[in-house]
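Along the sequence shown, residues carry numbers from 1.
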Amino acid sequence: MVEKLDLNTPEYAQLEERIQQNQVLVQELNPQVHDAAAVRELVSQITGRPVDKSTEIRLPFYTDCGVRIHLGKRVFINSNCMFTDLGTITLEDDALIEPNVTLATVNHRRSPTERRHLDLAPIVIKRRAWVGANATITPGVTIGENAIVAAGAVVTKDVAANTIVGGIPARVIGRI
């Protein structure tokens, strides 16, 4: 489901305020060394909910809004990932996110006169799914349980459970 978010609306102003608050936390998180507990604490502040002690996040970690990220247990997020979460990102238990992955829940509109307005759609990474290095997941995509997204893939459509996808755009290359 796509949610429309127009500039110059109270909803956008509220999110913009949250984005500015989030940027302060992201800048505190990334430029220095933290132990795992401190990383979880800062990411808990970013998301507005506790990050389970079984979850590991390697720095740097980037997000635009933060409060629309939901992390399960035993989630692993490797370094240099970007989560544009205005449309909501959910990583279920045991999800693996490799380095340099982009999860983008935001699209701009096609019409040049509306291009600065946003269309938001959630991304869901199901249990035990694995997203390989340098992959990009686009708005509205669900990666099914146990699925694998190959390194460098650009995923524009849902990935079924127990499926391996790769390429640009991603297509099925195997089954588990």
Side-chain angles (χ1 to χ4, degrees), residues 14-106 120-155 158-166 170 176:
Q14 183 179 25
L15 273 177
E16 184 60 32
E17 182 179 322
R18 174 59 191 149
I19 289 168
Q20 295 309 314
Q21 294 167 353
N22 183 59
Q23 289 310 299
V24 171
L25 292 169
V26 169
Q27 289 172 24
E28 183 179 338
L29 176 68
N30 287 316
Q32 51 194 313
V33 176
H34 300 283
D35 65 23
V39 170
R40 283 191 304 274
E41 175 55 34
L42 282 165
V43 175
S44 294
Q45 291 177 45
I46 288 168
T47 64
R49 61 188 59 80
V51 173
D52 191 81
K53 68 180 180 178
S54 65
T55 290
E56 182 178 352
I57 301 168
R58 301 263 174 100
L59 302 180
F61 172 76
Y62 302 100
T63 176
D64 57 354
C65 183
V67 295
R68 293 185 173 189
I69 296 172
H70 305 274
L71 302 175
K73 295 180 180 175
R74 298 172 305 282
V75 168
F76 177 76
I77 301 169
N78 214 323
S79 60
N80 208 40
C81 290
M82 178 61 196
F83 288 17
T84 57
D85 63 294
L86 289 175
T88 304
I89 293 171
T90 302
L91 275 61
E92 293 185 357
D93 295 347
D94 301 300
L96 300 174
I97 308 296
E98 295 300 337
N100 303 310
V101 166
T102 298
L103 303 180
T105 65
V106 177
L120 314 174
I123 291 173
V124 178
I125 311 295
K126 295 287 197 172
R127 292 181 47 210
R128 294 182 304 276
W130 173 22
V131 179
N134 297 300
T136 298
I137 312 300
T138 61
V141 168
T142 295
I143 307 298
E145 193 167 312
N146 303 316
I148 299 172
V149 174
V154 176
V155 183
D158 289 351
V159 176
N162 303 304
T163 301
I164 304 168
V165 299
I176 298 172

* Yes or no on side chain to side chain contact (heavy atoms under 4.5 Å, CB included) for H34 and L42, after CA distance, side-chain angles and deciding distance? -> CA-CA 10 Å; H34 300 283; L42 282 165; 3.7 Å; yes
* To do: Begin from the C-alpha positions of L71 and I57 and carry the test side chain to side chain contact (heavy atoms under 4.5 Å, CB included) through to its verdict.
  => CA-CA 11 Å; L71 302 175; I57 301 168; 4.1 Å; yes
* To do: Show your reasoning for whether side-chain hydrogen bond (donor to acceptor under 3.5 Å, both in side chains) applies to Q23 and Q27.
  => CA-CA 6 Å; Q23 289 310 299; Q27 289 172 24; 4.7 Å; no
* To do: Please step through side chain to side chain contact (heavy atoms under 4.5 Å, CB included) for the pair T142 and I123, ending with a clear verdict.
  => CA-CA 6 Å; T142 295; I123 291 173; over 6 Å; no
* **V155 and T138: CA distance, side-chain angles, deciding distance, side chain to side chain contact (heavy atoms under 4.5 Å, CB included) verdict** => CA-CA 6 Å; V155 183; T138 61; 5.7 Å; no
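By the 4.0 Å N-to-carboxylate-O rule, R18 lies too far from E16 to be salt-bridged with it. Between K126 and E92 there is a salt bridge, since at least one side-chain N of the basic residue sits less than 4.0 Å from a carboxylate O of the acidic one. A salt bridge is defined here as a Lys NZ or Arg NE, NH1 or NH2 lying under 4.0 Å from an Asp or Glu carboxylate O, and D94 with R74 meets this definition.
D85 places no side-chain N or O within 3.5 Å of a backbone atom of T88 that could act as its donor or acceptor partner. Formation of a donor-acceptor pair under 3.5 Å by the T163 side chain with backbone atoms of V159 is not found in this model.
Side-chain contact, T84 with D64: no donor N or O sits under 3.5 Å from an acceptor N or O.
Summarising the geometry, atom OG1 belonging to T136 is positioned 8.5 Å from atom CG belonging to L103; distances are rounded to the nearest 0.5 Å. Taking CZ from F61 and CD1 from I77, the interatomic distance works out to 5.0 Å, rounded to the nearest 0.5 Å. Rounding to the nearest 0.5 angstrom, the gap separating the CG atom in N78 from the CD atom in E56 is 8.0 Å. Here the straight-line distance linking atom CD of E98 with atom CZ of R58 works out to 9.5 Å at 0.5 Å rounding. Considering OH of Y62 and CG of N30, their distance stands at 5.0 Å, rounded to 0.5 Å. We find the CG-OG distance between L25 and S44 to be 11.0 Å, quoted to the nearest 0.5 Å.
I89 has its side chain within reach of T105: a pair of non-hydrogen atoms, C-beta onward, lies under 4.5 Å apart. N22 is not listed as a side-chain neighbour of C65, based on a closest heavy-atom distance of 4.5 Å or more. At least one side-chain heavy atom of I46 sits less than 4.5 Å from a side-chain heavy atom of L29. At a threshold of 4.5 Å between non-hydrogen side-chain atoms, the residues L120 and R68 count as touching. Within the 4.5 Å cutoff, the side chain of V149 has heavy atoms near those of the I143 side chain. Here the side chains of V26 and T63 are in contact, with some heavy-atom distance below 4.5 Å. For the pair I176 and E145, the minimum side-chain heavy-atom distance is 4.5 Å or more. Using a 4.5 Å heavy-atom cutoff, the side chains of T102 and I137 are not in contact.
A side chain to side chain donor-acceptor pair (under 3.5 Å) with R128 is found for one member of N146, N162, D93 and no other, namely N146.
More than 12 heavy atoms of other residues, nucleotides or ligands sit less than 6.0 Å from atom CD of Q32.
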